[in-house]
There are 2 protein chains.
Amino acid sequence: MTTKISGARGRPRTFDVDRAIETAMGLFHARGYDAVGVAELSEALGIKPPSFYAAFGNKAGLFERVLERYATGDANVFLHARAQGGSTAEVLERTLMRAAQLYPTRNGAAGCLVIDGTRNSADPDARALASAAQRAGRDAVRDFIAIEAPDRAEEIADFVVITLFGMSAAARNGVGEAALRSFAEAAGRTLRREFGLT
Amino acid sequence: MTTKISGARGRPRTFDVDRAIETAMGLFHARGYDAVGVAELSEALGIKPPSFYAAFGNKAGLFERVLERYATGDANVFLHARAQGGSTAEVLERTLMRAAQLYPTRNGAAGCLVIDGTRNSADPDARALASAAQRAGRDAVRDFIAIEAPDRAEEIADFVVITLFGMSAAARNGVGEAALRSFAEAAGRTLRREFGLT
DNA sequence: GGAATTTTTTAGCGATGACTACAAAAATTT
DNA sequence: AAATTTTTGTAGTCATCGCTAAAAAATTCC
């Protein structure tokens, strides 16, 4: 159980860092950053706290890795919606519809980890990490909108992110996919009607 | 400083319970239930923990009093919007506009205490109290909508509360009144266009 | 095989969480 | 004034928080 591919010296790790990040992601997503302690994380990862700190530095260090993984995976609804192409309105509508599919409770986790993972957290480091990830996501949406509507990009981006905030909070409160879909569809129509997007 | 109106026996209280509830409301609203400890609450109230527990039973007991006060005051945006009369759409639009005015950060607190005060909380009692208050608010909105649109009351109530969720989360993230207003106005127009309310 | 390196485990650190036993203090009742 | 009732402050309780010192264990390099 200790065969390691890399030729690194020293005693090899007995756990998979990538799997550990996935496990931690599930816990943080389900219950929020503060509510998941290092003791519980270590237990879930099958390691002892010193191994945890040797691998990730501290709790916020693991959270940073988790957010990085989260933001580059399927959970980044805008990134994947844009990759499918189409008009500005089509991409934004698809973004909202992907959120409606993704946000409802699955394996105990609901909503968006970046949006709600550190809400009410008492840890400034964790909050800053989530804030940075959120700003990056918002900037990507705004820059994309600016291609078609540079003058109203900020305004439209606000509308999209507030819509996602509502859907994430609702999902965390147990609202189901059908209601989220209705909300997303209504918001999509508003993007065309109110902001004149095509 | 110990004159008491009531003819109750025993040593009189040296602090005002009503003022204590207001102070605690501000702290819970600004930072969330879990992030405000009993030690900090006691300090802010100018009392020692035993006086705290004698007066409120426990931390959740104080939170219950806080929520009761919050839900019967100006923070209950729907209650006050309905009291001003008007059509269904007018009352719901006014509800959203009041939220846009009320939710931005004031004295460190932002958004809605009932919606976001226990988000990610590890305390099941506190979560249940906020859930009950939230359900009561939603039921009031739904019952009001049902007078004009009984068949679509649930659907429209979902739309309204998800909109409020988004505005509360956005306000807690620092979004200002102007952006909240735009969002509320767009949602108000959706209520008329999509749901045919007058 | 011995030295060097890295991760592991054991066992705990100090700080803070919600909460409380107990007795003194301050009021009313008799 | 004495008894009763209630609140007060002192000084803790135990559990959990994030985190770590120290040494044993498991690998590679020479």
Side-chain angles (χ1 to χ4, degrees), chain A residues 1-20 24 27-28 31-66 118 120-129, chain B residues 1-20 24 27-28 31-66 118 120-129:
Chain A
M1 66 159 73
T2 54
T3 42
K4 196 102 184 291
I5 313 296
S6 102
R9 301 221 298 185
R11 179 169 175 170
R13 284 235 165 78
T14 61
F15 70 102
D16 185 327
V17 172
D18 282 343
R19 278 181 50 82
L27 289 169
F28 285 140
R31 310 217 307 278
Y33 181 80
D34 285 15
V36 184
V38 171
E40 180 179 1
L41 285 166
S42 300
E43 175 92 26
L45 271 39
I47 60 179
K48 301 291 196 301
S51 296
F52 177 96
Y53 286 94
F56 303 111
N58 55 27
K59 188 185 170 186
L62 169 60
F63 189 58
E64 187 172 12
R65 303 280 295 270
V66 165
T118 61
N120 291 327
S121 171
D123 186 321
D125 292 341
R127 296 181 71 114
L129 289 168
Chain B
M1 68 158 72
T2 55
T3 43
K4 195 100 186 289
I5 314 294
S6 103
R9 304 221 295 185
R11 179 171 176 170
R13 284 235 164 77
T14 61
F15 70 101
D16 185 327
V17 172
D18 282 342
R19 279 181 50 82
L27 289 169
F28 284 140
R31 310 217 307 277
Y33 181 80
D34 285 16
V36 184
V38 171
E40 180 179 2
L41 286 165
S42 301
E43 176 92 27
L45 272 39
I47 61 179
K48 300 291 194 301
S51 297
F52 177 97
Y53 286 95
F56 304 111
N58 55 29
K59 187 184 171 187
L62 168 60
F63 189 59
E64 186 171 13
R65 303 281 294 272
V66 165
T118 60
N120 291 329
S121 169
D123 186 323
D125 292 342
R127 294 181 72 115
L129 289 167

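Letters A, B, ... are given to chains in the order of the sequence lines, protein chains preceding strands, and every chain is numbered from 1.
One atom, NZ of A:K59, and another, C1' of D:dG18, lie 8 Å apart when rounded to the nearest Å. Counting to the nearest Å, the P atom of D:dT20 and the CG atom of A:N58 are 8 Å from each other. Spacing between atom CG of B:L41 and atom P of C:dT16 amounts to 16 Å, rounded to whole angstrom units. Here the P atom of nucleotide D:dT16 and the CG atom of A:D123 are 21 Å apart, to the nearest Å. The distance between atom CZ of A:F63 and atom C1' of D:dC19, rounded to the nearest whole Å, is 19 Å. Atom-to-atom, CZ of B:F56 to P of C:dC19 comes out at 14 Å; the value is rounded to the nearest Å. Rounded to whole angstrom, the span from the CD atom of B:E40 across to the C1' atom of C:dA15 amounts to 16 Å.
Listed pair A:Y53 / D:dT20 fails the phosphate criterion, with no side-chain N or O lying under 4.0 Å from OP1 or OP2.
For CD of A:E43, the number of neighbouring non-hydrogen atoms (other residues, nucleotides, ligands) closer than 6.0 Å is 12 at most.
Of the inter-residue distances, the one linking A:D123 atom CG with A:T118 atom OG1 reads 9.0 Å to the nearest 0.5 angstrom.
Nearest-nucleotide assignment on DNA chain C puts the 5′-proximal partner with A:P49, out of B:P49 and A:P49. Comparing B:G46 and A:A39 by the nucleotide of DNA chain D whose heavy atom lies nearest to each, the residue mapping closer to the 5' end is B:G46.
Formation of a donor-acceptor pair under 3.5 Å by the A:K59 side chain with backbone atoms of A:A126 is not found in this model. No side-chain donor-acceptor contact under 3.5 Å links B:D34 to the backbone of A:N120. Using modelled atom types, one side-chain atom of B:Y33 and one backbone atom of B:A60 make a donor-acceptor pair closer than 3.5 Å.
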Nucleic acid footprint by protein, nucleotides 2-8 of chain C - heavy-atom cut-off 4.0 Å, B for base, S for sugar-phosphate alone: --SBBBS
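Side-chain contact between B:F63 and B:D125 is absent, with no heavy atoms from C-beta onward closer than 4.5 Å.
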